[in-house]
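Have a look at the structure below before the remarks.
Positions are given from 1 along the sequence.
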Amino acid sequence: MEIYQLLVWIVFPYSVSAVVGMGLIWQLDAPGGNNDNSKSQYVIKAVLRTMLILSALSGFWMMHFSDDSHHLLLWVASLIQFKPDLNLITNSSIILRAHFIIVFLFLLLLAFTNKVTYLYKPHLYIKSLMAKSD
């Protein structure tokens, strides 16, 4: 087993999960006022949108044009059980592996924004979109 496979497919997902969990805890104590009009917020939103679009496209490709969708569920289940199976992910397609990396990078970036609360309260995101469309 090479060290980079261990880092990418075992350490990275657990690290992202810990960072997202801490982001959720941190956002619970955050004050309500924030500046959404700054240039840095604009760049962060653009990067998050790009990562979300890439994640959706790779997920769409994987589900409709690849036979590896069962590897997705089995590998996530092995991570949740704290018994990660590297053979499931290393023997899967490059699209599946790219999808996982994109999703974990998206979650990692999301953890450092005030939008991380949308993970456990998605209705807030839908409500904000509906308010903008009116």
Side-chain angles (χ1 to χ4, degrees):
M1 176 178 351
E2 295 183 23
I3 190 73
Y4 78 90
Q5 288 181 347
L6 181 69
L7 290 175
V8 171
W9 302 118
I10 295 178
V11 175
F12 184 60
Y14 287 127
S15 300
V16 169
S17 300
V19 169
V20 169
M22 291 306 296
L24 288 170
I25 292 169
W26 176 71
Q27 286 297 320
L28 291 176
D29 294 334
N34 52 19
N35 185 8
D36 284 341
N37 297 328
S38 69
K39 188 167 180 98
S40 64
Q41 287 293 323
Y42 177 75
V43 169
I44 290 171
K45 285 181 182 180
V47 169
L48 281 174
R49 282 188 189 129
T50 304
M51 295 295 290
L52 183 61
I53 290 169
L54 287 173
S55 173
L57 289 175
S58 65
F60 177 78
W61 179 269
M62 182 189 62
M63 292 306 236
H64 291 290
F65 300 114
S66 177
D67 295 332
D68 287 339
S69 59
H70 64 280
H71 286 273
L72 171 96
L73 296 174
L74 291 174
W75 187 67
V76 170
S78 72
L79 281 177
I80 291 171
Q81 295 171 354
F82 296 110
K83 298 176 189 175
D85 187 3
L86 279 178
N87 291 330
L88 285 173
I89 197 71
T90 55
N91 295 332
S92 61
S93 69
I94 190 73
I95 296 294
L96 177 71
R97 289 182 276 170
H99 177 68
F100 277 125
I101 290 174
I102 291 169
V103 167
F104 286 129
L105 285 175
F106 171 73
L107 289 173
L108 187 64
L109 292 173
L110 187 67
F112 292 103
T113 67
N114 60 349
K115 308 293 189 244
V116 73
T117 56
Y118 293 155
L119 289 176
Y120 70 94
K121 292 183 179 179
H123 64 283
L124 294 177
Y125 178 68
I126 295 168
K127 188 176 178 181
S128 70
L129 285 178
M130 297 298 275
K132 286 181 183 178
S133 68
D134 290 338

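Hydrophobic clustering of Ile, Leu, Val, Met, Phe, Trp and Tyr side chains at less than 4.5 Å, counting indirect connections, keeps Phe65 apart from Ile53. Under a hydrophobic-cluster definition in which Ile, Leu, Val, Met, Phe, Trp and Tyr are linked whenever side-chain heavy atoms come within less than 4.5 Å, directly or via other members, Val103 and Phe60 are assigned to the same cluster. Hydrophobic cluster membership is shared by Val16 and Leu6, with clusters built from Ile, Leu, Val, Met, Phe, Trp and Tyr side chains linked at under 4.5 angstrom. Connection of Ile80 to Leu24 is established within a shared hydrophobic cluster, with ILVMFWY side chains joined at heavy-atom distances below 4.5 Å, either directly or through further cluster members. Residues Tyr4 and Leu79 do not share a hydrophobic cluster, defined by chaining ILVMFWY side chains whose heavy atoms lie under 4.5 Å apart.
Inter-residue side-chain proximity for Trp9 and Ile101 is flagged as met; some heavy-atom pair is nearer than 4.5 Å. Residues Trp61 and His99 have side chains not in contact (no heavy-atom distance under 4.5 Å, counting atoms from C-beta outward). At least one side-chain heavy atom of Phe100 sits under 4.5 Å from a side-chain heavy atom of Leu96.
Here the NE2 atom belonging to His70 is positioned 8.0 Å from the CG atom belonging to Leu88, to the nearest 0.5 angstrom. Of the inter-residue distances, the one linking Ser58 atom OG with Met63 atom CE reads 11.0 Å to the nearest 0.5 angstrom. Taking OG1 from Thr50 and CZ from Phe106, the interatomic distance works out to 10.5 Å, rounded to the nearest 0.5 Å. With values rounded to the nearest 0.5 angstrom, Leu86 atom CG is found 10.0 Å from Asn91 atom CG. For the atom pair Leu74 CG and Asp85 CG, the distance stands at 8.5 Å (nearest 0.5 Å). The structure places CD1 of Ile102 at 8.5 Å from CD1 of Ile95, a figure rounded to the nearest 0.5 Å.
Closest of all the heavy-atom pairs between Ser78 and Tyr14 is O-OH, 4.3 Å.
With respect to Phe112, the side-chain contact (heavy atoms from CB on, under 4.5 Å) criterion is satisfied by exactly one of Val19, Val20, Ile44, Leu48: Val19.
The backbone N or O of Met51 lies less than 3.5 Å from no partner atom in the side chain of Ser55, so there is not a single donor-acceptor pair.
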